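Report on the following structure.
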Amino acid sequence: MKRVDDFRLRFGKNEYVPIMVGGMGVDISTSELALEAARLGGIGHISDAMVEDVSDRKFDTSFVKDKTKLYKFNINNMDKSVVQFDLERLADAQRRHIGATMAAKQGPGLIFVNCMEKLTMNGPRETLRTRLNAALDAGVDGITLSAGLHFGSFALMADHPRFREAKLGIIVSSVRALQIFLRKNAKLDRLPDYIIVEGPLAGGHLGFGMDWAEYDLMTITQELLDYLKAENLDIPLIAAGGIFTGSDAVRFLEAGAAGVQVATRFTVTNECGLPAKVKQEYFKASEEDIIVNGISPTGYPMRMLKNTPAIGAGIRPGCESYGYLLDATGNCAYINSYNREVAAHPTEKNIVVMDKTCLCTHMRNFNCWTCGHYTYRLKDTTHKKADGEYQLLTAEHVFKDYQFSTDNQIALPEKEEA
């Protein structure tokens, strides 16, 4: 019976344990989590979502405070088009976060950064160019392009001296999305180094409509493998979304995937950036507690716990401080929904907005509890303590359980003494 450790993910002459830990923002996939994956010979992701806030927490910078002060005059204005990111400060935050992670790396694995195209930041092209090139400046091993089709993202890095050195990958959910990406970037003569195929059971934003349940990761994976073979493209394919055990991973590796990306089981590790009380909410969740809704201003469906505080919260848009989802004209779907409810209830102090959420503020405060489909199984991966709380795990334990387990077994951690 094969284990994940019987396979290797290959980039050129180098081999890695074929386990990639996904890049969960905002600093849920912490540097510490990514570093453990790299130390153990796999690949760890950090995320650059709201990187200025992440820098403020980690390095005592004042990017958010200064931006808030600069645009304080606009807080009560419905028009947010004036709120812009200082690109030099954005690059500084990106280099700090990624550079410090790279400086701490030990072991044979790699550190990648997840960059979402949907973080449009009131300057989609300029801010994405800054984030991508600053990541390369900081020496990151690779960049995963996510939450969008990224047709022009390679071109934004093409002049960087590390453009052909760093590993560059793309997340897709269909053959068609990959075909369009390759066609749009053909003139650069630069193929992606890896492709992550993310299925409908993944956590957070989904690359599907509300008909997500009609799709299947193994089917999409096989379609992509067939396409790559037909086109004679030797690009490693990484399967992601709903891979809960080492045996789940082996199924995809035996089918031809070069590796797997996993995240849900790492949300309840010591190294994960979620607050301890939120980790307990993940442990306690039942299958019925996990929903897919349309409250994200990005337009993508999003999977989360149904008791997440972000649902129905009518807080004032925090664009002057954050504004990561403002489009090129300073608009955001949440702003529109918020203003609609304010106009409809002019005397109410507490506004309720059900159809959208202020994703920036709620993610920053860990009040948007996005999760994978199998989060309800987390309780089966550890011990329940006498006080009703669940014992947290270490990233090393989870990683090695994926790596060495067989027969759909999950290894419980050594029980902590009361």
Side-chain angles (χ1 to χ4, degrees), residues 2-4 7 9 17-24 29 42-43 45 112 114 116 144-150 169-181 192 194-230 233 235-267 287 290-292 300-304 370-378 381 398-399 401-403 405 407-408 410:
K2 288 193 174 182
R3 309 171 301 175
V4 169
F7 301 84
L9 168 59
V17 178
I19 298 172
M20 182 181 284
V21 179
M24 301 171 282
S29 285
I43 299 172
H45 272 96
F112 290 177
N114 182 292
M116 299 196 297
T144 297
L145 304 172
S146 68
L149 296 173
H150 286 277
I170 179 77
I171 296 181
V172 299
S173 295
S174 68
V175 170
R176 182 175 179 274
L178 177 60
Q179 289 173 323
I180 298 173
F181 176 84
Y194 59 99
I195 300 160
I196 299 173
V197 51
E198 193 169 85
L201 303 184
H205 290 103
L206 305 179
F208 302 86
M210 291 304 289
D211 60 346
W212 59 270
E214 299 177 14
Y215 296 87
D216 170 71
L217 176 60
M218 181 61 81
T219 301
I220 303 169
T221 298
Q222 196 60 61
E223 290 170 352
L224 278 158
L225 287 169
D226 291 345
Y227 170 75
L228 292 171
K229 182 178 180 180
L233 294 172
I235 305 174
L237 187 68
I238 315 295
I243 299 171
F244 199 78
T245 68
S247 298
D248 292 338
V250 167
R251 286 180 54 234
F252 286 92
L253 295 168
E254 289 184 323
V260 295
Q261 178 172 278
V262 290
T264 294
R265 288 185 59 191
F266 289 92
T267 60
E287 186 171 4
I290 297 164
I291 61 173
V292 175
Y300 285 118
M302 191 161 59
R303 178 172 281 112
M304 62 182 62
T370 58
C371 65
H373 175 78
Y374 288 120
T375 293
Y376 66 90
R377 295 176 61 184
L378 288 174
T381 69
V398 176
F399 188 97
D401 187 47
Y402 270 113
Q403 186 176 1
S405 67
D407 197 27
N408 283 304
I410 292 174

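Predicted model, so just to flag it, every value in this text is computed and none were measured.
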>> Run V4 and V250 through side-chain contact (heavy atoms from CB on, under 4.5 Å) and show every step you take.
In response: CA-CA 6 Å; V4 169; V250 167; 4.1 Å; yes
Which pair of heavy atoms, one from [X] and one from [Y], lies closest together, and at what distance?
X: F244; Y: Y402; result: O-OH, 3.4 Å
X: L378; Y: R265; result: CD2-CA, 3.7 Å
X: G372; Y: T264; result: CA-OG1, 3.4 Å
X: G22; Y: S29; result: O-OG, 2.6 Å
X: H373; Y: I290; result: O-CD1, 3.5 Å
X: H205; Y: Y300; result: CD2-CB, 3.8 Å

Are side-chain heavy atoms of [X] and [Y] found at a separation under 4.5 Å?
X: I235; Y: P192; value: yes
X: V17; Y: F399; value: yes
X: L178; Y: L228; value: yes
X: H45; Y: V21; value: no
X: I291; Y: M304; value: yes
X: V172; Y: F181; value: no
X: F208; Y: I220; value: yes

Between [atom1] of [X] and [atom2] of [Y], what distance do you get to the nearest 0.5 Å?
X: L145; Y: M116; atom1: CG; atom2: CE; answer: 12.5 Å
X: Q222; Y: F252; atom1: CD; atom2: CZ; answer: 10.5 Å
X: K2; Y: S247; atom1: NZ; atom2: OG; answer: 13.5 Å
X: L237; Y: L225; atom1: CG; atom2: CG; answer: 5.0 Å
X: L224; Y: Q179; atom1: CG; atom2: CD; answer: 9.0 Å
X: I196; Y: S173; atom1: CD1; atom2: OG; answer: 11.0 Å

>> If you apply the rule side-chain contact (heavy atoms from CB on, under 4.5 Å), what do you find for I238 with L9, and how did you get there?
In response: CA-CA 9 Å; I238 315 295; L9 168 59; 3.9 Å; yes
> Are I180 and L149 close enough, and set up right, to give a side-chain contact (heavy atoms from CB on, under 4.5 Å), and what steps lead you there?
Replying inline: CA-CA 8 Å; I180 298 173; L149 296 173; 5.7 Å; no
> Between F112 and Y194, what is the ring plane arrangement, given parallel below 30°, perpendicular above 60°, and tilted in between?
Replying inline: parallel
>> Using 30° and 60° as the class boundaries, would you call the ring planes of Y374 and Y376 parallel, tilted or perpendicular?
In response: tilted
Checking the side chain of [X] only, and the main-chain atoms of [Y] only, is there a donor and an acceptor separated by less than 3.5 Å?
X: T144; Y: N114; value: no
X: D216; Y: T219; value: yes
X: R251; Y: I243; value: no
X: D248; Y: T245; value: yes

